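Here the structure is a predicted model, which means the values were calculated and not measured. Keep in mind that the numbers below use all heavy atoms, side chains included, and drop hydrogens, waters and symmetry copies.
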Amino acid sequence: MIKKVFCSILLMIIMILVLTCDAEPDVEIFTDRWIVDDNSYLKLSTNDEAHCGHYFHAWREVATYSVNSLSAIVNRKSGSNNHGYGITFGHQDINNYYRILISLKGNFIFYKKVDGVVTNLIPWSNGSGLLEGLNKSNEIEIDKTSGSFKILFNGVDSGYTISDNSFTTGHIGFITNIGDQGDENFPNVPNDTRFKFTNPDIPSTSF
């Protein structure tokens, strides 16, 4: 009887040890808020479910820039397919700005916020020239030298021209949206997006 009890206990210990060895190690929860990576890109990366459905934005407050000519490179390394990321410009405050966001599916949106009211200048549309999928560097370029906004992706005209004069100058920056819990695979896979302005050519450390 004692031998059977001993064997049963030993078997239970062995099973616990096997299950413990096979268990996935705990994943560290982190949020890297606008840090500069090894390639001088500004990085926002998180695997924290507390941020699901939220967005992060950063803008350069020390100077203002014309909206007539701007360009930036953006790259989502990992994360949601369904939530946009991109640039903000003509930024006056949190209630007044322009934004252009792109998605991993090759779509983009151009909208403005004036006195807290959002207006889609170009609703979500296919963006000619946009590279689809993760880990693809896409350059967003704005050209308003002729008086109307022309948007290019990787040097290719998107095919849309928009007239709007809500803002002529303002701060510039970046925005990234974090997916809902069903869109992200937190904490195993972070939402990781990189950004860098190329025109003006300003250091990412200044954000």
Worksheet item: Is D32 reaching over with its side chain to a backbone N or O of I35, donor-acceptor style, under 3.5 angstrom?
Response: no
Fill in: Worked check of ring-ring contact (aromatic ring centres under 6.0 Å, His included) between F56 and H54
CA-CA 7 Å; F56 292 88; H54 299 163; 8.1 Å; no
Discussion item. Whether the K112 and T119 side chains hold a donor-acceptor pair (N or O, under 3.5 Å, no angle test) is what I'd like checked.
Written reply: no
Discussion item. Consider ring-ring contact (aromatic ring centres under 6.0 Å, His included). Of Y85, F153, W124, which one does F108 pass it with?
Written reply: F153
Worksheet entry | Axial cation check for Y97 ring with K113, 6.0 Å and 45° limits | no
Response to the item:
Here the pair of heavy atoms bringing R99 nearest to I175 is NH1-CD1, 3.1 Å
Item to complete: Answer with yes or no whether the side chains of T198 and S71 bring together a donor and an acceptor at under 3.5 Å.
Response: yes
Discussion item. Checking side-chain polar atoms at under 3.5 Å, does T46 have a donor or acceptor matched by the opposite partner on D48?
Written reply: no
Worksheet item: Can V67 be reached from V114 by stepping across I, L, V, M, F, W or Y side chains whose heavy atoms are under 4.5 Å apart?
Response: yes
Discussion item. Quick check on the hydrophobic clustering: are V118 and Y55 connected, directly or via other members, by side-chain heavy-atom contacts under 4.5 Å?
Written reply: yes
Worksheet item: So F197 and F174, would you call those rings parallel, tilted or perpendicular, with 30° and 60° as cut-offs?
Response: tilted
Item to complete: Any chance you could measure S40, atom OG, to R194, atom CZ, to the nearest 0.5 Å?
Response: 12.0 Å
Worksheet entry | Heavy-atom closest pair, residues P203 and S206 | O-OG, 2.7 Å
Practice prompt. Indicate whether any N or O donor in one side chain lies under 3.5 Å from an N or O acceptor in the other, for S128 and D157.
Written response: no
Fill in: D37 bridged to K43 by N-O distance under 4.0 Å
no
Fill in: From CG (L152) to CD (E141), nearest 0.5 Å
5.0 Å
Discussion item. Applying side chain to side chain contact (heavy atoms under 4.5 Å, CB included) to T176 and R76, what does each step give before you reach the verdict?
Written reply: CA-CA 9 Å; T176 184; R76 175 157 288 170; 2.8 Å; yes
Worksheet item: With distance as the sole test, does T88 use its side chain to make a donor-acceptor pair with the main-chain N or O of Y98 at under 3.5 Å?
Response: yes
Item to complete: Supply the atom-to-atom distance L130 CG to L104 CG, rounded to the nearest 0.5 angstrom.
Response: 10.5 Å
Worksheet entry | Nearest heavy-atom neighbours spanning G90 and F167 | O-CG, 3.7 Å
Worksheet entry | Heavy-atom side-chain proximity of T31 to H51 below 4.5 angstrom | yes
Discussion item. Within the 4.5 Å heavy-atom criterion, are V74 and I140 side-chain neighbours or not?
Written reply: yes
Worksheet item: Of N120, I122, L121, which meets side chain to side chain contact (heavy atoms under 4.5 Å, CB included) against I109?
Response: N120
Worksheet item: Just checking, any donor-acceptor pair under 3.5 angstrom between side chains of K136 and N154?
Response: no
Worksheet entry | Hydrophobic cluster identity match, Y41 and I202, side-chain contacts under 4.5 Å | no
Practice prompt. Please determine which of N165, L70, T161 meets the side chain to side chain contact (heavy atoms under 4.5 Å, CB included) test together with K144.
Written response: N165
Response to the item:
Residues V156 and G129: closest non-hydrogen pair is CB-CA, 3.8 Å
Discussion item. Looking at G79, is its backbone amide N or carbonyl O close enough to the side chain of N191 to form a donor-acceptor pair, meaning the two atoms are under 3.5 Å apart?
Written reply: no
Worksheet item: Hey, is the main chain of N82 close enough, under 3.5 Å, to the side chain of S80 for a donor-acceptor pair?
Response: yes
Worksheet item: Do F207 and I87 belong to the same hydrophobic cluster, where Ile, Leu, Val, Met, Phe, Trp and Tyr are linked whenever their side-chain heavy atoms lie under 4.5 Å apart, directly or via other members?
Response: yes
Worksheet item: Between H171 and R60, is there a donor-acceptor pair closer than 3.5 Å when you use the side chain of the first and the backbone of the second?
Response: yes
Fill in: Whether S158 side chain and I151 backbone form a donor-acceptor pair below 3.5 Å
yes
Fill in: Minimum heavy-atom distance between K196 and S204, given as atom pair plus value
CG-OG, 4.1 Å
Practice prompt. Please answer whether the main-chain N or O of D115 pairs with a side-chain N or O of N96 as donor and acceptor at a distance below 3.5 Å.
Written response: yes
Discussion item. Centroid separation under 6.0 Å, is that true for the rings of F149 and F110?
Written reply: yes
Worksheet entry | L134 with L42, same ILVMFWY side-chain cluster at under 4.5 Å | yes
Worksheet, complete the sentence: dist I162:CD1 -> S148:OG (nearest 0.5 Å) comes out at 8.5 Å
Worksheet item: Can you tell me how far CD1 of I178 sits from OG of S45, rounded to the nearest 0.5 angstrom?
Response: 8.5 Å
Discussion item. Using every non-hydrogen atom in the two residues, find where P187 and V27 come nearest and quote the distance to one decimal.
Written reply: O-CG1, 3.4 Å
Practice prompt. May I ask you to check whether N75 and S137 show a side-chain donor-acceptor distance below 3.5 Å?
Written response: yes
Worksheet entry | Derivation and outcome, side chain to side chain contact (heavy atoms under 4.5 Å, CB included), residues T145 and K150 | CA-CA 9 Å; T145 54; K150 184 167 69 170; over 6 Å; no
Worksheet item: Counting N and O atoms only, with roles assigned by atom type, does the side chain of N138 sit under 3.5 Å from a partner on the main chain of L131, one being a donor and the other an acceptor?
Response: yes
Practice prompt. Taking the side chain as every heavy atom from C-beta outward, state whether N47 and I29 have any atom pair closer than 4.5 Å.
Written response: yes
Item to complete: Run the ring-centre check on H91 versus F89 and record whether the distance is less than 6.0 Å.
Response: no
Worksheet entry | Polar side-chain atom of S125 near backbone of P123 as donor-acceptor pair, under 3.5 Å | yes
Worksheet item: Hey, does the side chain of N177 reach the backbone of G84 with a donor-acceptor pair shorter than 3.5 angstrom?
Response: yes
Item to complete: Using the side chain to side chain contact (heavy atoms under 4.5 Å, CB included) rule, take I100 and I142 through it: C-alpha gap first, then chi angles, then the decisive distance, then the call.
Response: CA-CA 10 Å; I100 296 177; I142 300 156; 3.9 Å; yes
Worksheet item: Just how far is it from atom NZ of K77 to atom CG of L44, taken to the nearest 0.5 Å?
Response: 14.5 Å
Item to complete: State yes or no: are the ring centers of F195 and W34 separated by less than 6.0 Å?
Response: yes
